[in-house]
Amino acid sequence: MRMSRRFGHTLREAPGDAETAGHALLLRGGFIDQLMSGVYSYLPLGWRVERKVEHIIREEMDAAGAQEVHLPVIQPIELWEKTGRKQMMGDVLFQLTDRRERGMALGPTHEEVITQLFDRHSSSYRDLPVTLYQIQTKFRDEARPRGGLVRVREFTMKDAYSFDLDDAGLDASYEAMFRAYHRIFTRCGVPVVAVEADSGAIGGKGSQEFIFLTEIGEDTIVMCDACDYAANAEKAEFVRPPAEPEEAQPLEPISTPGATTIEDLARFLDIPTARTAKAVFFMATRKDGRHVPVFAVVRGDLDVNEIKLMNALGVSDLRPMLDAEVAAHGLVAGYASPIDAPRGVEIVADLSIPSSPNLVAGANRADAHLRNVNYERDWTAGTVADIALAQPGHRCPRCEGGTLQTGRGIEMGHVFRLNYTYTDPMDVSVLGADGKPVTPTMGCYGIGLGRIVAAAVEQHHDDKGVAWPASIAPYDVHLVGLGLDRDEDVRVDADRLYDELTAAGIEVLFDDRGDSPGVKFNDADLLGMPIRLTVSSRNHKAGVVELQLRDGGRPAEPIARADAAARVRAFRDELFDALRPA
RNA sequence: CGGGGAGUGGCGCAGCCUGGUAGCGCACCUGACUGGGGGUCAGGAGGUCGCAGGUUCAAAUCCUGUCUCCCCGACCA
């Protein structure tokens, strides 16, 4: 590709709404362009990167035995109603109607479609196991797109789905995808950690996310400093700091004027927050659409984890209660009590509550609390479960002596054991060897392509620009021709070198423009091809071209002009080898 | 959805407070010089100031409404 013919330009200054370094560089380099909030066009250079990521994913999926398909973006809404996910996805689902007023959705994911497809084309246990995948555009009407390519409303995803006859089969399919994912991220130059995760709207029993750790991440990850336990904060378990065992003391009302928060209360009574019970109210939406008021109780030193609470209740949505609703349900904000709580309110207690005696809790009237509140003796909850948020400093649930830390990250991929979440409601079965119907068990596996691009830039850049991993760089070589318009010999030689490299299977971006050296070198740094070759009168007279690696690992070196193609291939191979999975 | 910020040539910004018919840098076009880290000079093209309404002799500027974008949070695969 000749730069003189390149569509688009580099920018000296990044557009003002680019917040992260990576996003700014993608815009400055002319890799992507924003059309509207959360919707981006890929320009030629950016699209080459995306296609290389696709290619790597295809190779690894195929190697893992998965078969590529291509499913429709546009889908009948009935399919989403059947599994109850129309309700569950809510506003995230882009919906439209055709000319006959038939309801449709733009696919945010494809479990329903693939499951129906599988059902229509599989009838025997002999057809299993099978893993299907596609690379397809997804549409999700996100409440708030952010961070350039990090969270968008239209994006390319590789989604794969496995169908197996039993748990052992699912385990094998899942493992194969898990290994393939590690290989994919390694080959793309994006370091990830696998963490335990909540399954969210996809459903199923157990999932793991591949997280790229970065300060700009939107997920909080909890990691043990002693063992390899790592989990999304939504899911993370932890060992609760133990309470002092002591005899239950008599219940005692106390006056606590103005102490409406746990911090106020603990200060007012001069006790640790762990000696109090914290009450938090929510409105939950059941899967049948009914709204239920929820009264969650955690020990005062802990916070409610809304995801865990949703899972404990088995509800599809949860939001904090409005002040008016709190009052309407007979609850006194700041002084609510689980003792004699209003009827119709679902009470959920955290695991920390039964094991912590003599807590201070609300009295359900203003300016008053109760001392020595004890679970079981004074009140009970409809549900006792792990509904608390793991915090830095908590003890690890998987090892002795480990302490949990937190970090930020971006979810690059997510693998789920779906089990029968879709095959059951969609009545999918195949005939088993014994002639009886068997319901297949499913897994699903997703990777966000744009996020790989975003993470790769975030991970591989400096203040001058991008330094693409060789595996996904738009071109292998940035050939800089200096003074081509002044020295005919050099121009001819540069053209020849360009052809030689291309003929040798090397992808070359050739800067044949008439700009000054500074402009060209700065563009080369910004655009980030892994290998830079400089052709100039000076080099030409010496019979050399100058080679420099973008990652700064070694100084520029002159190489013999005659060996250029061979040397470049050697360097290229070396760079690819460094990205080879172990 | 709550809070905050911003919309002025392709990009970055000034002008707005105190109304008088739009300016700077980069990029772009022409020419000359220059030529190994965004070079210099000269000459150009390009914007009805997000949109609508109002106030006024006169609105980028004041008022009202509205749309869009970004950030924090809520939410989220």
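The figures that follow rest on heavy atoms only: side chains count, while hydrogens, waters and symmetry mates do not. Labels below follow one simple rule: chain letters A, B, ... track the order of the sequence lines, proteins then strands, and each chain is numbered from 1.
Between A:E263 and A:K278 there is no salt bridge, since none of the side-chain N atoms of the basic residue sits less than 4.0 Å from a carboxylate O of the acidic one. Using a cut-off of 4.0 Å between Lys/Arg side-chain N and Asp/Glu carboxylate O, A:R550 and A:D462 are scored as salt-bridged. Here A:R85 pairs with A:E112 in a salt bridge; the nearest charged N to carboxylate O distance falls below 4.0 Å. Between A:D317 and A:R286, no side-chain nitrogen of the basic residue sits less than 4.0 Å from a carboxylate oxygen of the acidic one, so the salt-bridge criterion is not met.
Shown here, B:rG53 forms a base pair with B:rC63; the pair counts as Watson-Crick or G-U wobble because both key distances fall under 3.5 Å. Across the strands present, B:rC1 finds its partner in B:rG73; the criterion is a Watson-Crick or G-U wobble pair with both atom distances under 3.5 angstrom.
As judged by a 4.0 angstrom heavy-atom cut-off over every strand, A:Q34 is placed among residues touching the sugar-phosphate backbone only. Among the atoms of the strands shown, none is found under 4.0 Å from any heavy atom of A:D317. No contact: A:G148 has no heavy atom under 4.0 Å from any strand. Counting any heavy atom pair closer than 4.0 Å across all strands shown, A:A14 reaches sugar-phosphate atoms only and no base atom. A:Y445 comes within 4.0 angstrom of no nucleic acid atom, judged by non-hydrogen atoms across all strands. Residue A:G16 is in sugar-phosphate contact alone, with no base atom involved, counting any heavy-atom pair closer than 4.0 Å across all strands shown. Counting any heavy atom pair closer than 4.0 Å across all strands shown, A:S37 reaches sugar-phosphate atoms only and no base atom. A:R151 comes within contact range of at least one nucleobase, with a heavy-atom separation under 4.0 Å. Nucleic acid contact class of A:D159 (heavy atoms, under 4.0 Å, all strands): none. Within 4.0 Å of A:D485, counting heavy atoms only, lies at least one base atom of the nucleic acid.
For A:A143, whose side chain is taken as the heavy atoms from C-beta onward, the closest listed nucleotide among B:rG38, B:rA74, B:rC70 is B:rA74. Picking from B:rC70, B:rG37, B:rG38 the nucleotide with the shortest atom distance to the side chain of A:K464 gives B:rG37. The side chain of A:E306 approaches B:rA74 more closely than any other nucleotide in the set B:rG35, B:rC70, B:rA74. Closest approach to the A:P15 side chain among B:rG12, B:rG37, B:rC72 is made by B:rG12 (side chain taken as heavy atoms from C-beta onward). Considering only side-chain atoms of A:M36, the nucleotide from B:rC71, B:rG38, B:rC69 that sits closest is B:rC69.
Spacing of P atoms, B:rC16 relative to B:rG20, comes out at 9 Å, to the nearest Å. The separation of B:rU21 from B:rC17, taken at their P atoms, amounts to 14 Å, rounded to a whole angstrom. Rounded to the nearest Å, the gap between the P atom of B:rC24 and that of B:rG19 is 24 Å. Between B:rA6 and B:rC51, the distance separating the two C1' atoms is 16 Å to the nearest Å. Look at the C1' atom in both B:rC57 and B:rC1: the space between them is 46 Å, to the nearest Å.
Remark: the A:R513 side chain and the B:rG35 base include no donor-acceptor N/O pair separated by less than 3.5 Å. Within 3.5 Å, a donor on the side chain of A:R28 pairs with an acceptor on the base of B:rG38, or the reverse.
When the nearest nucleotides of RNA chain B are assigned to A:R451 and A:P320 by heavy-atom distance, the more 5′-ward of the two goes with A:P320. With RNA chain B read from its 5' end, the first of the two nearest nucleotides for A:G483 and A:F416 is the one closest to A:G483.
Residues A:L449 and A:E54 have side chains in contact (heavy-atom distance under 4.5 Å, counting atoms from C-beta outward).
Here B:rG37 presents its P atom at 9 Å from CG of A:L482, a figure rounded to the nearest Å.
Considering only side-chain N and O atoms, A:R146 lies under 4.0 angstrom from the phosphate OP1 or OP2 of B:rG73. For B:rC76, the OP1/OP2 oxygens have no side-chain nitrogen or oxygen of A:R144 closer than 4.0 Å.
A:F510 does not carry A:R2 over the face of its six-membered ring by the limits of under 6.0 Å from the centre and within 45° of the normal.
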**Request:** Check the pair A:Y475, A:W468 against ring-ring contact (aromatic ring centres under 6.0 Å, His included), reporting the backbone distance first and the verdict last.
**Result:** CA-CA 9 Å; A:Y475 294 89; A:W468 291 108; over 10 Å; no
**Fill in**
Readout for nucleotides 24-30 of chain B: B = base within 4.0 Å of protein heavy atom, S = sugar-phosphate only, - = neither; 5' to 3' it is -BSS---
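Pairs of residues two or more places apart, or lying in two chains, that qualify as salt bridge (charged side-chain N to carboxylate O under 4.0 Å, His left out) and include a residue from residues 150-162 of chain A are A:K138-A:D159, A:D141-A:R153, A:E142-A:R151, A:R151-A:E218.
Of the possible polar contacts, none joining the A:H540 side chain to the A:S536 backbone as a donor-acceptor pair under 3.5 Å is found.
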